[in-house]
Number of protein chains: 2
Amino acid sequence: MRLVARGRGGSRAELARLSGMAPSSVSLRVEELIEAGLLREDGEGASRGGRRPRRLRLHEEAGVVVAADVGTHHVRMSVMDLAGRVVYSHELPGEVADGPEVVTERLRQYAYMTLDQAEVKHLPLLGLGVGMPGPVDPATTRIVAPSRMPGWNEYPVGERLAELMDVRVMVENDANLMAVGEHRNGWPGCENLMAVKVGTGIGCGIIASGRLHRGRGAAGDISHVPVIADTPATCSCGHSDCLEAHASGAALCRTLRTRGFEVEYSRQLVDLVNDGVPEVTTLVRGAGRLAGQVLTPLVNFFNPDVLVLGGGLSAAEPFVAAVRAAIYERCLPLATRGLEIATAVTGRDACMLGAGSLILDEVLASDWVDETLASR
Amino acid sequence: MRLVARGRGGSRAELARLSGMAPSSVSLRVEELIEAGLLREDGEGASRGGRRPRRLRLHEEAGVVVAADVGTHHVRMSVMDLAGRVVYSHELPGEVADGPEVVTERLRQYAYMTLDQAEVKHLPLLGLGVGMPGPVDPATTRIVAPSRMPGWNEYPVGERLAELMDVRVMVENDANLMAVGEHRNGWPGCENLMAVKVGTGIGCGIIASGRLHRGRGAAGDISHVPVIADTPATCSCGHSDCLEAHASGAALCRTLRTRGFEVEYSRQLVDLVNDGVPEVTTLVRGAGRLAGQVLTPLVNFFNPDVLVLGGGLSAAEPFVAAVRAAIYERCLPLATRGLEIATAVTGRDACMLGAGSLILDEVLASDWVDETLASR
DNA sequence: CCAGCTTCATTCGAAATCGAAGATAGCGGC
DNA sequence: GCCGCTATCTTCGATTTCGAATGAAGCTGG
């Protein structure tokens, strides 16, 4: 099931190769799963010189999951089928600063609303995946020590939502989800990937050996690395000259407001850059240079196949160019040889798609599969 | 076999738990392996409230491997049994700068000499694991772009040794091996570990999710990260103010020689520190501070359970103290919470033990096991 | 000292898995 | 259009693995 879900096992023969099981055993299992309504055949694939494979896919009527990306000022939400295909998706308003009680209740309402609009009320809801703009302890699904989320510390988002909606819930940091989303949807076969999200805040998700690297739960924090900047700035963490205090969307907006611009959101920054306002472009390019300065040692150290740039600021071409330049200038040839530096293939959907992928993994590894098999 | 070799499966019941197989199946397999002379029973373990487990271990007469740690100025070599226990070990002279032809031939002679002295000539030699002080392409077992190993670029060490000695050969970078050695021998159960080796050069090995992280082959390079230092220094890589140009044993020795000290090796540096020579102590402490400065963002990013300090300079207490101080001062609480910073548990043997572990993994995963089983 | 509990290891019939051979099906060259 | 090649999928007997029950051995506490 997992292999088919990840799009890696498209036929019985391929499943046999990937799983290491005998073709005969795979056929038997697949037969069972088809009878239980979990898998279905989906026409024939291209021949590789012999008989054409009979493509397999997860049955889209078997159930759905809801994936949500909670941003600082909005919520992006979608319904996905078991294969991770987006059935319906939209963006809704909502400030994360409204606090945990309000936001969890809002998520519940949004979820049912989204299911309604997706016209899948007759299918079982198997799980909910949520991305949050702050550190999440994967063990407890609690938010820990968030910098831009007052009132959220130690709040058990996952448990609350599971109670409210009576479904399996997965909660994860948004940068981590972006990494997962890009890895699954944009870079098949890539083993090691870094995804840097520069929006209101700055975060980084890490895929090591094809799996999300969480470390002790806080991995990927790059926002409080000291940078060499022209002007001093104090960060919310108490230290001075953190990357986040200089190069985040929030920091840039703050700077521009002192100069008389009316900017509130990162998106407005990008608009100003696209309008060709020189002062803003210079500022954004500077932010990119600082981000590159921080990323250089990390790229040398981690030596990824792909570096994905996402989040609001990645839509500004000067920002991306400055990051690229900084990395190619100072990284070792051995580290940049074959390194891809790209903006998010799935754009603003990356986090949401990642949330869907992870909750689908959980659902497909859960008892639900066995129970469904047994009940038919 | 692998589980027993790693010391994780000490009894049939434990193997069943760890492997997920049924106890009965495990018993059958173990019986076979014992009959083939690969495993043996080793008395009884401590009771956990019920019947005492019958301890299992790899049969020490089944074969041996040779593990070598090629340093800049010496070679450390040992004979290990299948369980990774060191049967015999010693340090021999030899400059890596003598070039690849000389060194490979020397390694061959040393290996046979070591086997002789270990008195295991009657046991089959199953593999040779070699650590080199430079980057190794794991796919081809070639040295790539080494900085302190003139003449070694693209030299196929592994292939040459395999030809010369007609055994399976594994070649890996020394810092990577240190990480493996410490992980297997000092930190059981630890998932994520960084091992920093500061000797003549500077390197870092990474264990992610319990496995050696190689990235695209060059992961763990921290030596060419720019640092903020008092005096300028140009590195062999062409950039200025690399960590290696300021804090490596070679760099410190160079500085001290300009000040009239007669120092050639890192070991002499440590002697001077232990003798309480203030000028040297200050220099070494400064090197530690710079290393800490570079490691701080990496610890935030990777968020390991353990940071191991090894290599010659780690024997100097002021160096270690300075690294610790720098990391605790500037790292996020979330990253240092529960972080262990320790000097190598296995000391100067770490790389050699890691080389043994990796070649043993290869041997135990190879056809040799099946062939031995079939032939009895 | 013995009953009750726990853990470790083996036995043996039931069930799952394998693997070799065969059936199915398309490609490509002559 | 036919034959050989390749690849996919299925069939079916042989083998492996499972799992529940059983035996083995030791701890605990009255």
Side-chain angles (χ1 to χ4, degrees), chain A residues 1-59 364-365 367 369-376, chain B residues 1-59 364-365 367 369-376:
Chain A
M1 287 286 282
R2 206 163 46 246
L3 287 170
V4 177
R6 291 208 187 176
R8 304 175 130 277
S11 71
R12 291 164 174 78
E14 208 166 350
L15 284 176
R17 278 194 296 270
L18 289 167
S19 69
M21 294 170 77
S24 47
S25 312
V26 170
S27 268
L28 283 172
R29 289 253 155 277
V30 165
E31 207 53 47
E32 265 187 284
L33 290 167
I34 289 178
E35 293 214 344
L38 293 175
L39 280 185
R40 54 173 288 196
E41 295 195 333
D42 180 34
E44 298 192 326
S47 166
R48 299 197 307 151
R51 175 174 172 174
R52 285 199 287 242
R54 279 146 74 187
R55 270 206 309 261
L56 297 171
R57 52 186 288 187
L58 294 191
H59 202 302
L364 295 177
D367 302 335
V369 175
D370 297 297
E371 281 162 20
T372 311
L373 265 177
S375 68
R376 304 225 184 175
Chain B
M1 287 287 281
R2 207 163 44 245
L3 287 171
V4 177
R6 292 207 187 178
R8 302 173 135 279
S11 71
R12 292 165 175 77
E14 209 167 349
L15 284 176
R17 278 193 297 271
L18 289 167
S19 68
M21 294 170 77
S24 47
S25 312
V26 170
S27 267
L28 284 172
R29 288 255 156 275
V30 166
E31 206 52 47
E32 266 188 283
L33 290 167
I34 289 178
E35 293 215 345
L38 293 175
L39 281 185
R40 55 173 288 195
E41 296 196 334
D42 180 34
E44 299 192 326
S47 166
R48 297 197 309 152
R51 174 174 173 177
R52 286 198 287 241
R54 280 147 71 187
R55 271 206 308 260
L56 297 171
R57 52 186 288 187
L58 293 192
H59 202 302
L364 295 177
D367 303 335
V369 176
D370 297 296
E371 282 163 18
T372 311
L373 265 176
S375 69
R376 303 229 185 175

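When the nucleotides dA9(C), dC9(D), dC27(D) are ranked by their closest atom to the side chain of Ser11(A), dC9(D) comes out on top. If you check dA9(C), dG26(D), dC27(C) against the side chain of Arg52(A), the one that comes closest is dC27(C). Nearest nucleotide to the side chain of Ala13(B), out of dC9(D), dC8(C), dC27(D): dC8(C).
Proximity of Val26(B) to Ser19(B): side-chain heavy atoms (C-beta onward) are separated by under 4.5 Å at one or more points. At a threshold of 4.5 Å between non-hydrogen side-chain atoms, the residues Leu56(A) and Asp42(A) do not count as touching. Side-chain contact check for Met1(B) versus Val369(B): some heavy-atom pair is nearer than 4.5 Å. Between Leu58(A) and Leu364(A) there is a side-chain heavy-atom pair separated by less than 4.5 Å.
When the P atom of dA25(D) is taken as reference, atom CD of Glu44(B) falls 9 Å away, rounded to whole Å. dC8(C) atom C1' lies 12 Å from atom CG of Leu56(B), rounded to whole Å. The nearest whole Å value for the distance from the CG atom in Leu15(B) to the P atom in dT7(C) is 18 Å. Atom CZ in Arg48(B) sits about 22 Å away from atom P in dA24(D), given to the nearest Å. In this structure, CZ of Arg29(B) is placed 14 Å from P of dT10(C), rounded to the nearest angstrom. Whole-Å rounding puts the Ile34(A) CD1 to dC9(D) C1' distance at 12 Å. A straight line from CD of Glu31(A) to P of dT10(D) spans 7 Å, rounded to a whole angstrom. Straight-line distance from the CG atom of Leu39(A) to the P atom of dC9(D): 13 Å, rounded to whole Å.
Annotation: side chain to side chain donor-acceptor pair (under 3.5 Å) contacts of Glu41(A) (sequence neighbours excluded): Arg12(A), Arg54(A). Take Arg40(A) and apply the side chain to side chain donor-acceptor pair (under 3.5 Å) test, not counting sequence neighbours, and it matches Glu60(A).
In the interface, the side chain of Arg12(A) is not paired with the base of dT8(D) through any donor and acceptor atom under 3.5 Å apart. In this model, a side-chain donor or acceptor of Arg51(A) finds a partner on the base of dT8(D) within 3.5 Å.
Residues Arg55(A) and Gly45(A) come closest through the heavy atom pair NH1-CA, 3.8 Å.
Near DNA chain C, defined here as any heavy-atom distance below 4.0 Å, the residues from residues 20-28 of chain A are Met21(A), Ala22(A), Ser24(A), Ser25(A), listed numerically.
Among the protein residues, Arg55(B) comes within range of no part of the nucleic acid, since none of its heavy atoms lies under 4.0 Å from any strand.
Across the interface with DNA chain C, nearest-nucleotide mapping of Arg54(B) and Gly50(B) shows Gly50(B) to be the residue nearer the 5′ end.
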